[in-house]
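Report on one structure; see the data block that follows.
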Amino acid sequence: MTTRRDFLMGAAGIALAPSQLPHDGHGSGASASDRPGAVPAGHSGVNGATFRSGAGVDTVANGFDPAAILREFDPGTVSVTADGRTRREWTILAQDKEIEVAPGVRFPAWTFNGRVPGPTLRCTEGDELRIRFVNDSAHPHTMHFHGIHPADMDGVPMVGRGVISPGEEFTYTFDAEPFGLHLYHCHVGPLAEHIARGMYGTFIVDPRQGRPPADEMVMVQHGWNTTFDGQGNQLYAVNGIPFAYMRNPVRVQAGELIRIYLVNILEYDPINSFHLHGNFFDYYPTGTRLQPAEFTDTVMQAQGQRGICELRFPRPGRFMFHAHKTEFADLGWMGFFEVTE
């Protein structure tokens with residue numbers, strides 16, 4: 001069985017500092033260059049872990065790019081009901097798809113619309129929502145939305161329509177409430193596997209009065225259990241691919257209001273976290289209140305928890321963000337903000 005540390009030294013080519021490598025039988029630290037699969041001398045990770053030689057994955061072949069997912073919001077097809085309400089409609093496909101999650105490492109994912117995470121569905125409090133779910137996968141699935149809705153629209157087995165079998169479809173219909181930051185995911189057993197395979201996405205319900213204009217972005221925290229042992233993850237990521245925002249830093253402007261919709265759907269680990277360097281942010285847990293709960297630089301989230309982070313960078317520069325658990329950061333959950341004038 002491949003352990004997380006073995007994976008770090010193996011095919012994915014993630015660089016580690018010598019102090020993080022296993023010791024030899026004599027209790028002394030072995031040189032990185034002495035170990036199979038280790039990074040060559042001079043690239044031993046003193047600047048932090050990353051994919052070897054700055055390599056990346058093929059986002060074109062994957063069919064999605066974390067740089068695009070960051071600021072993609074899907075408002076659906078909009079129409080007006082007979083009583084004057086806004087109606088939003090989406091078609092979401094469950095699809096089996098192989099994804100390159102690290103250089104040369106391919107993962108048989110289960111996806112919503114061929115990407116991980118699934119599309120960010122966005123609406124306004126009080127809208128009528130219709131989500132046509134088509135199961136184009138070889139496995140049974142559902143869509144379960146966090147929020148307030150009738151029981152028969154909950155997307156769980158043995159309630160309402162229940163499980164949607166391969167080749168079948170169902171339309172979930174409910175009103176958008178409450179306002180806030182929510183998520184959706186498959187709710188078919190074994191639930192941990194369906195989530196770990198990639199079946200989740202963000203669901204935003206804006207308050208009727210809206211929020212102040214901002215540079216908005218979505219960050220979905222998750223992991224990849226490439227050994228399928230259910231005993232932890234070998235890679236951690238935001239928006240699909242580890243180290244994505246190390247290779248392509250998130251570009252923002254100094255002084256501009258930035259709003260991060262932060263969601264944790266990490267499976268096989270009890271908690272996740274978000275830490276911002278060189279700054280603090282207002283934090284709105286679940287986004288269901290318009291007043292922040294705290295002013296901080298680090299938040300912890302259990303699976304399914306989410307919150308809105310609002311901040312302004314007062315000066316330009318490159319500022320890191322990452323999980324404040326070193327193992328998660330070293331295995332992919334880290335990135336940079338590139339702040340310009």
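In this chain, residues are counted from 1 in sequence order. All of these numbers come straight from a predicted model, not from anything done at the bench.
The closest side-chain donor-acceptor pair between Tyr284 and Arg211, if any, does not fall under 3.5 angstrom. Under the 3.5 Å distance criterion, with hydrogens and angles disregarded, a donor-acceptor pair is assigned to the side chains of Ser137 and Asp96. Gln234 and Trp224 are not linked by any side-chain donor-acceptor pair at a separation below 3.5 angstrom, with hydrogens and angles left out of the test. Side-chain atoms of Asp297 and Asn279 form no donor-acceptor pair, as typed in the model, at a separation below 3.5 Å. Side-chain contact check for Asp229 and Asn225: at least one donor-acceptor pair (N or O, by modelled atom type) lies under 3.5 Å.
Distance CD/Glu256 to CD1/Ile258: 6.5 Å, rounded to 0.5 Å.
Less than 6.0 angstrom separates the ring centroid of His149 from the ring centroid of Phe174. Between His187 and His194, the ring centre distance reaches or exceeds 6.0 Å. Ring to ring, His324 and His275 are close: their centroids are under 6.0 angstrom apart. Between Phe203 and Tyr184, the gap from one ring centroid to the other reaches at least 6.0 Å. Phe133 and Phe170 have their aromatic ring centers separated by at least 6.0 angstrom. Aromatic pair Phe112/Tyr200: centroids not less than 6.0 angstrom apart. For Phe336 and Phe319, the ring centers are positioned 6.0 Å apart or more. Taking the centre of each ring, Phe274 and Phe281 come in below the 6.0 Å mark.
Two residues are said to be in side-chain contact when any heavy atoms from C-beta on lie closer than 4.5 Å; Arg306 and Leu181 meet this criterion. The shortest side-chain heavy-atom distance between Met219 and Val263 does not fall under the 4.5 Å cut-off. The closest side-chain heavy-atom distance from Ser273 to Val299 is not below 4.5 Å. Taking the side chain as every heavy atom from C-beta outward, Pro103 and Val57 approach each other to under 4.5 Å. Side-chain atoms of Leu311 and Ile260, non-hydrogen and from C-beta on, do get closer than 4.5 Å to each other. Leu129 is listed as a side-chain neighbour of Cys123, based on a closest heavy-atom distance under 4.5 Å. The shortest distance between side-chain heavy atoms of Met334 and Met320 falls below 4.5 Å. Within the 4.5 Å cutoff, side-chain heavy atoms of Gln303 are placed close to those of Ile265.
Electrostatic pairing of Glu169 and Arg161 does not count as a salt bridge here, judged by no charged N lying under 4.0 Å from a carboxylate O. A salt bridge does not link Glu267 with Arg197: none of the charged nitrogens is closer than 4.0 Å to a carboxylate oxygen.
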Practice task
Go through Val218 and Thr120 one step at a time and tell me if the side chain to side chain contact (heavy atoms under 4.5 Å, CB included) criterion holds.
Solution key: CA-CA 8 Å; Val218 175; Thr120 298; 4.0 Å; yes
Exercise for the section: Could you please spell out the steps behind the side chain to side chain contact (heavy atoms under 4.5 Å, CB included) verdict for Val250 and Val252? Expected result: CA-CA 6 Å; Val250 180; Val252 298; 4.2 Å; yes
Problem - Test side-chain hydrogen bond (donor to acceptor under 3.5 Å, both in side chains) applied to Tyr261 and Glu216, step by step - result: CA-CA 8 Å; Tyr261 295 95; Glu216 296 188 316; 2.8 Å; yes
Exercise for the section: Kindly indicate, with the supporting measurements, whether the criterion side-chain hydrogen bond (donor to acceptor under 3.5 Å, both in side chains) is fulfilled by Asp154 and Tyr172. Expected result: CA-CA 8 Å; Asp154 200 37; Tyr172 297 95; over 6 Å; no
Practice task
Might you work through the side chain to side chain contact (heavy atoms under 4.5 Å, CB included) test for Asp269 and Asn233, ending with a clear yes or no?
Solution key: CA-CA 8 Å; Asp269 285 286; Asn233 299 284; 3.0 Å; yes
Practice task
Applying side chain to side chain contact (heavy atoms under 4.5 Å, CB included), run through Ser79 and Glu89 and close with a yes or a no.
Solution key: CA-CA 8 Å; Ser79 60; Glu89 301 178 80; 4.2 Å; yes
Handout entry: Residue pair Tyr236, Phe243: steps toward the ring-ring contact (aromatic ring centres under 6.0 Å, His included) verdict
Key = CA-CA 9 Å; Tyr236 295 84; Phe243 300 120; over 10 Å; no
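Linking ILVMFWY residues whenever their side-chain heavy atoms come closer than 4.5 Å, directly or via other members, places Leu235 and Phe228 in the same cluster. Transitive grouping of hydrophobic side chains (ILVMFWY, heavy atoms separated by less than 4.5 Å) brings Leu121 and Ile164 into a common cluster. Met153 and Leu183 are not part of a single hydrophobic cluster, where members link through side-chain heavy atoms under 4.5 Å apart. No single ILVMFWY cluster, assembled from side-chain heavy atoms under 4.5 Å apart, contains both Ile195 and Met143.
Considering Arg87, Arg130, Arg85, Arg88 in turn, Arg85 is the only one that fulfils the salt bridge (Lys or Arg N to Asp or Glu O under 4.0 Å) rule with Asp175. A salt bridge (Lys or Arg N to Asp or Glu O under 4.0 Å) with Asp215 holds for exactly one of Arg71, Arg259, Arg312; it is Arg71.
Under the 30°/60° scheme for interplanar angles, the aromatic rings of His146 and His185 are found to stand perpendicular. Note: His139 and His141 have perpendicular aromatic rings, judged against thresholds of 30 and 60 degrees for the angle between ring planes. Using cut-offs of 30° and 60° for the angle between ring planes, the Phe313 and Phe337 rings count as tilted.
Looking only at distances, a side-chain donor or acceptor of Thr142 sits under 3.5 Å from a matching main-chain atom of Gly155. Not one N or O on the side chain of Glu193 forms a donor-acceptor pair closer than 3.5 Å with the backbone of Pro190. At least one donor-acceptor pair under 3.5 Å links the side chain of Asp127 to the backbone N or O of Thr124.
A 6.0 Å sphere centred on CD of Glu341 holds no more than 12 heavy atoms belonging to other residues, nucleotides or ligands. Other residues, nucleotides and ligands contribute at most 12 non-hydrogen atoms within 6.0 Å of the CZ atom of Arg315.
Arg247 is linked by a salt bridge (Lys or Arg N to Asp or Glu O under 4.0 Å) to nothing, counting only residues two or more places apart in sequence or in another chain.
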